[in-house]
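The structure appears below as structure tokens.
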2 protein chains.
Amino acid sequence: MIHFYFDFSSPYSYIAAQWLPKLAADHARALVWHPILLGAIFKEVGNQSPVSYKLKDSYSVMDFARSARFEGVDYSHPTPFPVASQNAARIFLWLQGSHPERALSWAQTVWRAYFVQGENISETATLRNMAQTFGLEGTEAQEVIADDTIKALLKQSNEAALEQGVFGAPFFIVDGEKFWGNDRRAQLAAFLSGKA
Amino acid sequence: MIHFYFDFSSPYSYIAAQWLPKLAADHARALVWHPILLGAIFKEVGNQSPVSYKLKDSYSVMDFARSARFEGVDYSHPTPFPVASQNAARIFLWLQGSHPERALSWAQTVWRAYFVQGENISETATLRNMAQTFGLEGTEAQEVIADDTIKALLKQSNEAALEQGVFGAPFFIVDGEKFWGNDRRAQLAAFLSGKA
């Protein structure tokens with residue numbers, strides 16, 4: 001089993017989500033998707049987004065694009081960046097519980113909207129339109145976003161992640177072994193092959 | 001030309017320094033070694049050592065060892081960690097200016113002492129012994145460490161690095177393209193091969 005922690009506003013999570021399903025399948029490992037909110041995680045850990053630090057900010061924007069290119073993934077750096085991703089995550093969690101076969105497709109729809117088409121996935125109107133195109137009922141997305149139980153579920157997902165030692169995204173936990181970052185792909189693959 | 005910025009107290013710098021010379025030679029690129037002090041760099045950038053953040057601390061200690069193993073490099077996490085590395089860096093800068101053919105050998109001696117043998121390279125007595133074993137004259141290391149011109153040189157090396165956008169170590173700059181981290185090895189290699 002591979003636990004995959006991701007944030008919809010995280011470029012490296014988006015990139016990792018493109019290669020991870022095949023890697024998991026190649027090693028016959030189930031993949032468990034855990035949406036988290038980096039804002040809340042960073043607050044707990046005491047750090048910030050890489051784009052919040054002097055010098056690291058412009059480097060990171062360049063590195064997002066280069067890392068995407070390196071993995072053969074489409075990427076266009078969105079503005080604004082980063083954005084609040086809790087509403088997209090709530091719809092994901094609701095789908096996991098109610099229409100699990102559609103959850104992953106929603107995740108890729110959100111990432112594509114933000115990191116390829118440049119849509120602002122933090123805006124309710126944008127999300128509602130995306131949800132309708134995706135095939136949800138008229139007010140369904142809006143109800144999910146406002147639902148207290150779903151809100152609590154996302155909060156619990158974040159707290160559970162912190163309890164497992166997750167301090168950033170993407171984050172992978174396999175057989176208790178932790179890997180942080182899209183750039184740990186080779187080490188994760190080596191671990192799954194029993195070579196590390 | 002590949003500009004390589006490193007700190008003697010940085011595990012990822014030490015690991016990168018083991019594979020970088022061959023990579024540079026394979027691509028017929030001169031390698032320029034720039035010692036920096038991460039403490040001063042972090043202060044300017046506004047962040048801290050990875051071991052200063054909650055949750056990230058224990059992960060990082062594990063990842064130093066795993067990343068070393070992944071690259072086939074000996075590693076034993078030292079205590080205390082991190083340590084002040086300016087004295088080792090001053091001797092390196094002095095050697096670059098006076099005995100350039102010995103500077104790289106000194107760098108590897110320092111890294112091996114700290115990351116393999118567990119010696120505290122911040123202690124003057126330890127450095128003096130290391131310098132004598134290395135073949136420097138009795139009080140030479142001590143004089144270098146206390147020399148105002150050498151001190152200024154290291155400060156300038158740090159400031160020049162910041163001016164180039166260096167915010168961490170190891171850091172590589174090739175033809176204006178920046179790479180941060182031992183984990184950018186594959187992307188750096190692709191860039192040198194003209195594939196990225």
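Bear in mind that the values here come from a model prediction, so they are computed numbers and not experimental data. Within every chain, numbering begins at 1; the chains are lettered A, B, ... in the order of the sequence lines, protein sequences first and strands thereafter.
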> Between the side chains of A/Asp7 and A/Ser85, is a donor N or O closer than 3.5 angstrom to an acceptor N or O?
Replying inline: yes

>> Within the 3.5 Å criterion, strictly below it, is a donor on B/Tyr75 or B/His77 matched to an acceptor on the partner's side chain?
In response: yes

> How are the rings of B/Trp33 and B/Phe92 set to each other: parallel, tilted or perpendicular (split at 30° and 60°)?
Replying inline: tilted

>> Need one label for B/Phe42: side chain, backbone, both or neither, based on atoms under 4.5 Å from any heavy atom in chain A.
In response: neither

> Can you tell which of B/Lys54, B/Met62, B/Glu177 has the highest number of heavy-atom pairs within less than 4.5 Å of chain A?
Replying inline: B/Lys54

> Contact part of B/Gln48 toward chain A, heavy-atom cut-off under 4.5 Å: side chain, backbone, both or neither?
Replying inline: neither

> Are there more than 12 heavy atoms of other residues, nucleotides or ligands under 6.0 Å from atom CD of B/Glu101?
Replying inline: yes

>> If you count heavy-atom pairs within less than 4.5 Å of chain B, which of A/Gly168, A/Ser58, A/Gly165, A/Ser67 leads?
In response: A/Ser67

>> Looking at B/Asp63 and A/Lys178, is any side-chain nitrogen of the basic one under 4.0 Å from a carboxylate oxygen of the acidic one?
In response: no

>> Only pairs of heavy atoms separated by less than 4.5 Å count here; which of A/Asp183, A/Val166, A/Asp57 has the most with chain B?
In response: A/Asp183

>> Looking at chain A, which one of B/Trp180, B/Phe167, B/Phe179 has the largest number of heavy-atom pairs inside 4.5 Å, strictly under?
In response: B/Phe167

